[in-house]
Amino acid sequence: MRTVAVVGASLAGLSAARSLRRQGYAGRLVVIGDELHRPYDRPPLSKEFLAGTLGEPELALESDDEDLRAEWLLGTRAVALDHAERTLRLADGRQVRADGFVIATGAAARTLPGSAGLAGVHTLRTLDDARALRDELALGGRLVVIGGGFIGAEVASTARALGLEVTVVEAAPAPLAGPLGEAMGVVVSALHADHGVALLCGVGVKGLSGERRVDAVLLEDGRTVPADIVVVGVGARPNVEWLEGSGVVLDNGVKCGADGRTSLAGVVAVGDCANWYDPRAGLHRRVEHWTGARERPDAAIAALLAGGAVEPGVPRPPYFWSDQYGVKIQFAGHAAGADSVTIEDGTPDERNVLAVYRRSGIPVAVLGMNQPRLFTRWRKQITATAS
């Protein structure tokens, strides 16, 4: 290959570029990103950066002496892929010809219908999002977080530490029921009550009120929650619309094999937009976690450079972490499909739980709350079992 184009300049795209050089690719490397910023770390955006304890320079993912010998095309996005012509068309009219393509366009935060143009309403996905929200939180007031997932919970935790009055609204019976299961979701979400945050579960949001600026969240059960600031944390959608008509098969993102290969030769996908095949479960999964964006590009790049001639391995079970109200939460594996979950150490009341999820007696996932040593041990065991 003479030229490889990496579409996406966040962690997954940067990891792919690094992997190309590490695996011996010496040709032309073009990295395209829709943001003007160089690659930066996203997890601190909802925590240390939002709290003002971490500055923008500390978010940088590249070291000062790192040189990938890449052409960086930032502030523009890919709008079409012509596989027959091996060409990317960019929004600014430029075209990039390449022999190989890495799709790493990530995902975009879902928004609340009717919220466009209403001041005080935020999503949190990018550095610019975090800048705007940080400035508003500094003014204090009443914050309503719509969605009790990890981003919503981290924003609530940070805002509460800053002195804001915080309410979290979650449509599901319990926050985090998807990734953790309902029982452990209840245990983890008890942290909100511990720190004076109101948690309203099992009720959806009907809409927002306010003329130019939001002043309340309207719930489907008729209640009204006053708000000076609203953060919408209701998940993300993969950024793959630009690939429609390209021949790349799309299904909840870019549908991939177990090594990131897509339906088109010479095209792989990584990161939040990639729906990889999981041979352990026999189905496709889209993993939206930092470790997946860092680790999986190695397999995808190996497949790209070898033209698919290498046998795909088994991806490591996903791992993610969250810091909420001073508690370190870690999770590895898949809770879905587990038929039991048991607390192996600690107690829920003390928020220091180590819980193991099993299917037919075999560990398939582990959750830790302030249990880093035991969690690491169980994570290794689950990874070994899954390999």
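Applying the 6.0 Å contact sphere to CD of E66 captures more than 12 heavy atoms from other residues, nucleotides or ligands. Other residues, nucleotides and ligands contribute over 12 non-hydrogen atoms within 6.0 Å of the NZ atom of K328. At most 12 heavy atoms of other shown residues, nucleotides or ligands fall within 6.0 angstrom of atom CZ in R77. Counting heavy-atom neighbours within 6.0 Å of R69 CZ, excluding the residue itself, gives a total above 12.
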What side-chain donor-acceptor pairs closer than 3.5 Å can you find for residues 165-182, not counting sequence neighbours?
unit_1: E170; atom_1: OE1; unit_2: G148; atom_2: N; d: 2.7
unit_1: E170; atom_1: OE2; unit_2: A172; atom_2: N; d: 2.9

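Here the shortest heavy-atom pairing between Y25 and V4 reads OH-N, 3.2 Å. Of all heavy-atom pairs between V31 and A17, the closest is CG2-CB, 4.4 Å.
Taking 4.5 Å as the limit, some side-chain heavy atom of R285 sits within range of a side-chain heavy atom of L283.
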Starting from the C-alpha separation in whole Å, work towards a yes-or-no answer on side-chain hydrogen bond (donor to acceptor under 3.5 Å, both in side chains) for D215 and S209.
-> CA-CA 6 Å; D215 57 31; S209 72; 2.4 Å; yes
Take T3 and R97 through the test side-chain hydrogen bond (donor to acceptor under 3.5 Å, both in side chains) and record every step on the way to the result.
-> CA-CA 8 Å; T3 301; R97 296 182 63 86; over 6 Å; no
Determine, step by step, whether R42 and S10 satisfy the side-chain hydrogen bond (donor to acceptor under 3.5 Å, both in side chains) criterion, reporting the C-alpha distance in whole Å, the side-chain angles of both residues, the deciding distance to 0.1 Å, and the verdict.
-> CA-CA 9 Å; R42 293 183 190 273; S10 194; 3.2 Å; yes
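Shown are R125, R286, H289; of these, the side-chain hydrogen bond (donor to acceptor under 3.5 Å, both in side chains) with D272 is made only by R125.
Listed by first then second residue, pairs satisfying ring-ring contact (aromatic ring centres under 6.0 Å, His included) with a partner in residues 182-224 read H192-Y325, H195-Y325, not counting sequence neighbours.
Remark: A300 engages V268, V270, W276 in a side-chain contact (heavy atoms from CB on, under 4.5 Å) (not counting sequence neighbours).
We find the CG-CG distance between D228 and L139 to be 9.5 Å, quoted to the nearest 0.5 Å.
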